[in-house]
Every structure is written in structure tokens, then in C-alpha cells.
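Structure first, commentary second.
The sequence lines fix the lettering, A, B, ..., with proteins before strands; numbering per chain opens at 1.
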Amino acid sequence: MTNNNIRVRFAPSPTGKLHIGGARTAIFNWAFARANQGNFVLRIDDTDPERSTKENERIITDALSWMGLDWDEGPGVGGPYGPYKQMERMERYQQVVNDLLKRGLAYPCFCTQEELEAARAKAKAEKNPYQGYQRTCRELSHEEVTKRIQAHEPYTIRIKVPLDHPDIVIDDLVHGRVVFSAKELDDFIIMRSDGTPTYNFCTVVDDADMKISHIIRGDDHLSNTPRQVIVYEALGAPVPAFAHISMILGEDGKKLSKRHGATSVEEYQLEGYEPDAFLNYLALLGWSPDGETTIVPRDVLAHTFSLAHVSKNPATFDPKKLDWINKQYLSNMSDEEFAKTVVEPELVKAGLEKRADFEKNASRYLIMAAITKPRVRVAPDVVGLLHFLYTGPTPSIEEKAIRKGLASGGAEASLLEALEVLRGATSWTPEEIDTALHPCPERIGVSNKVFFGALRAAATGSLVSPPLAESIALLGKDLFLARLDHALDVMKCV
RNA sequence: GUCCCCAUCGUCUAGCGGUCUAGGACACCGCCCUUUCAAGGCGGUAACACGGGUUCGAGUCCCGUUGGGGGCACCA
């Protein structure tokens, strides 16, 4: 599968559904791997047992699969560096911690959470900048440590940041050079008192073990990077390349959250967006091959993606543009494809049609496809567009349609004329109907607007509908004629 | 508070010192097409946050200001 050492990973924590931001991170990683003949590994960072669930894990992998992102290693597919769930790697973390302890690169800390919080609170109260952990337990004697451990005092493990460590320089692939002073770093906790590892530690252990070469992740991790570099160095592992991509914001410029509407991939899937369109939109949020391209098919993305064209700016999620792209994908389908993959399934889902042999009703579905395709934003919209076909011979007619379509002067004459003209029709195709109806308004001396308006109201129960001739053809002769009668009845009652 | 990141039309972006009177796309507005609604065609409004440098020349480089965002947890 690979012919070089490019290995990237996406490591979601299953504490919620897959968010738009996470989805884009996954897309960039996947595309980078594919464009460079590298490997894309999926790892589940589930070290937060309080919030991680099996269900979320499933939702996340489903969402990735829905978007067409396949992983070369990870849950479900295995791989040479597994296991790919952190909860299954606990022994490994313990082993690394023991090794660090033995080599004097980490040490037990007996400070309690209360003590640490008090120090933070004190700094805040005195308006002093919080200096971080003051390395209280760094130089405890061997005797004292063993004594306190034997006394069952709880302790965490902290990493020993070298006091004379030079500046940490990150040559970020999207930001360029970023320099952090090692003095900003305190001896952070790598293992909690319950023996579980912390994020900044286990993510590095895993990335090193899994030979990850490029870490592509959100900007929110840029500040964590120097800490992680310290861990790489303690491990004696090579530091990978980093690429920090910008955050995705809501329409108000604030971090994307619930109040911005749909924020999880699952919601877009449920709303009926095309996975390719969704992928396309997200890929272009922060990545722009040339400033002109708006449609990027999955395979093109997989061939041309490059970190060099990734923007540093935070991006605002724009549902309108997503809609536009989705529409592009929909209208690029042939009528037949649209009929098969959108119209039929949606009507069946809505309970309006039975799942029957598509071929048996092919011509009917083709007409439906032709008239709905340019009018659909997302797939389920076809149901609303076609619903009038399923309301029987005496449908309820919208109040507005009665008032404007049926109550006008020539409405009755129009309906009677249409009845007259179409009653004797021998075939029932849109073309036939159209030619039959076309001369009518002039013949009876009403405007097109009045004539077709009345007809539309009678046939569809609304002033807004797909093209009339096609709609009438779809309705069938009997149903259409019955509706004309019904409309005439309704008019008498007004 | 402190450290770090970011700054071109309302939005996504092109731009990597002269070709920028700043280009494309979405959205918006207008016109055309039209029996409704769409779709489509044509056109339009609209941006280099501010202030200093550097340079013959700055959207493009440097510094500062302002404004956003993120980290500083026994969350990830």
C-alpha cells in the first residue's frame, strides 16, 4: 500500500459525535495520505472513561465511512501497530512511564489537587501570573518517595522538563516557524493518580509507536506541541512534522457550537446531504488549490491535496455554500441516476411509494427526476415537491390558491375548457398535454396567467408546483379529471 | 494575567514586492428567459483592520496598536 514513510492519523476521542471541525481534520489527513501514497491510520483516543462511549465511537466511524474516508489501519481493519484504541494500550503507557522513572526523566508527585488548585487561586487573587507547577516534588529523596508510596499516599507522575532546555522550535507546515520558550513549560502530569495516562503523554507514545510522520490537527493543539516535543525527546523518538490547521467558526465568528445549528456530520447525513458534496465543501474550507476551483471530486482531492495550499485563517462555516455545492452534485446527476438514487428512495422512505421494481415505473420516475432535479436543495426535498401526486381525487386546496387561482374571473371557464380539451385525450404524455393546453387561453380569451393558474391550483392544490404538463401527466388522466371536478365544486362553495 | 496563533468583499478564498484601477465562488441586487417555483444566461454592489517603518515601489517584508481565537487541568 505504501511506498514511502508518510503516515498520518486521525485520533478522535469518542466523547461526542464527529464534529465538523474534526471531520475536516480527518479529511485533510486522509487526503494528505492519499496524495502522497502514505498511510492513514484511525486511532480512538478514549482515555476519558467518564465521557467516552461505544456509541460515539460507532457514530464517528460511521460518519467517516459515510464521507468515504477509508483508513488503512485502525479499528475494524487492524494493522501492524495496534491496538488502535488507547484503553487497550494501558500496559504500554505504564511500561513507558516505568522506563522514564528508571531513567530519571519523570518523577512521582504527591501534591494533591486541592493544593494545586489553592496555588492557582492564590496566584489569581494576588494578580500574579500563574507560574505553573512549582516542581515541589521534583527533588524528593529516594527514601522519602518509597516511604510515602508505601504509606499509600496517592501520587501522579510528572515529566522532568530539562531546566536548561533551549527554545522549542516548531517548523509548522502551515504556520511556518513557531518558537516557544521552554521556561513556559512546567513539569506536567503524564500519569494520573489512578494510573491512567494524560493526553499530552499517551498521544505522543502512540504517535511514536505508530511511526506517525506528519501530525495534522487543529490549531487548538499548537500550544500543546512544545509539551509533546518534550515527551518525544524523553522517549528518544524522532519528532514528527506538524501541520496545524485553523479552527472552524460559526456564522457569528465564534467557535462552532450547538447554537449554530447542525454541527455534527451525522446531522448532515440525516438531512440528506450528498456525502461527496459535504466532503467537497469541507475540503475547500481552508484548502484552496487555486482560488478558482469550487467543485473537487473525491478522487481529485485524493490526488491533488497539498498542505502548501492550506490557509492559516480561521474559517466560518457557511451552510448556504454547502447547499449550493450539494445542488451542484445533484444537478450533475443524469435523470436516471437521480431517479434511482434520490427520487425513488426518498418517496419510499416517506411511505408514498412501495419499494417495487424500479424498471416497472421507470418512465414515471424519469419524469419525476426531470422536474424535481433543478428544484431540490437536499434529497428529501423531492418529497415536498411531489407530495401533491399522493393526495387523492379531492385534495385540499391551499387557501391562497383558492383565493388567487380559482376565484379570479376566468377561472371557471379555464377549468371547463381544460376538462373539455383533455377529456378526449388518447395518450397522456407531458408533450401531448402541453400541445393540447397551449391554445386554450387565447381561445377562451383569458391570460396565460389566469388559465394556468387555475389549472395549477386545481391539479396540485397550490400556486407553486413543478411544471404543469409534467405534473398533470404524472397525475394520470382519471385523477386529474377528478381534481378538475373537485375544484369546480370548491369554487361553488366560495 | 501569561504564552501562542490569526487578520483581503457579508462568507470561503486567489495573491508568495511591480502584471492589483485586487481575481474567482457563495450570498445579495438588477435584467433576460418564463403559465408558478426553480434552473439557466447576462450584469452589478462589495475587501487589502489601523499606525509606523523598509523599498524607486507594499495587499505582499518588519515593528507596534486594535480586534478575534487557542493553550496555561489528575479533559482530549
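Base pairing of G30(B) is made with C42(B), judged by Watson-Crick or G-U wobble geometry with both donor-acceptor distances under 3.5 Å. Pairing partner, U55(B): none, since no Watson-Crick or wobble contact has both distances short of 3.5 Å.
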When every nucleotide of nucleotides 38-46 of chain B is labelled 5' to 3' by its protein contacts under 4.0 Å (heavy atoms), B for base, S for sugar-phosphate only, - for none, what sequence of letters results? BS-------

Per-nt protein contacts along nucleotides 4-11 of chain B (heavy atom under 4.0 Å; B base, S backbone sugar-phosphate only, - none) come out as SSSSS--S

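The side-chain hydrogen bond (donor to acceptor under 3.5 Å, both in side chains) check on T61(A) picks up nothing, with sequence neighbours excluded. Annotation: side-chain hydrogen bond (donor to acceptor under 3.5 Å, both in side chains) contacts of D290(A) (sequence neighbours excluded): T293(A). Listed by chain and residue number, Y268(A) satisfy the ring-ring contact (aromatic ring centres under 6.0 Å, His included) test with Y273(A) (two or more places apart in sequence, or in another chain). A search for ring-ring contact (aromatic ring centres under 6.0 Å, His included) contacts involving F110(A) returns Y155(A), not counting sequence neighbours. With sequence neighbours excluded, no residue forms a ring-ring contact (aromatic ring centres under 6.0 Å, His included) with Y93(A). With sequence neighbours excluded, the residues that form a ring-ring contact (aromatic ring centres under 6.0 Å, His included) with W287(A) are F305(A).
The ring-ring contact (aromatic ring centres under 6.0 Å, His included) pairs that include a residue from residues 365-390 of chain A are F358(A)-Y365(A), where partners are two or more places apart or lie in different chains. Residue pairs meeting the ring-ring contact (aromatic ring centres under 6.0 Å, His included) criterion with at least one member in residues 177-203 of chain A, sequence neighbours excluded: Y199(A)-H221(A).
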Donor-acceptor list for residues 464-472 of chain A side chains, cut-off 3.5 Å, not counting sequence neighbours:
from: S465(A); atom 1: OG; to: R456(A); atom 2: NH1; distance (Å): 2.7
from: S471(A); atom 1: OG; to: P466(A); atom 2: O; distance (Å): 3.3
from: S471(A); atom 1: OG; to: P467(A); atom 2: O; distance (Å): 2.8

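Between T391(A) and R483(A), the side chains place a donor N or O and an acceptor N or O closer than 3.5 Å (distance only, hydrogens not considered).
Minimum atom distance to the side chain of S288(A) is reached by U13(B), of the listed U36(B), G70(B), U13(B). Nearest nucleotide to the S465(A) side chain, out of C72(B), U36(B), U2(B): U36(B). With A25(B), A76(B), C74(B) as the candidates, the nucleotide lying closest to the side chain of D48(A) is A76(B).
In this structure, S462(A) does not reach the U36(B) phosphate: none of its side-chain N or O atoms is under 4.0 Å from OP1 or OP2.
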Could I get a table of every N or O pair under 3.5 Å where one atom is in the protein and the other is in nucleotides 31-35 of chain B?
from: U35(B); atom 1: O2; to: R456(A); atom 2: NH2; distance (Å): 2.8
from: U35(B); atom 1: O4; to: D434(A); atom 2: OD1; distance (Å): 3.3

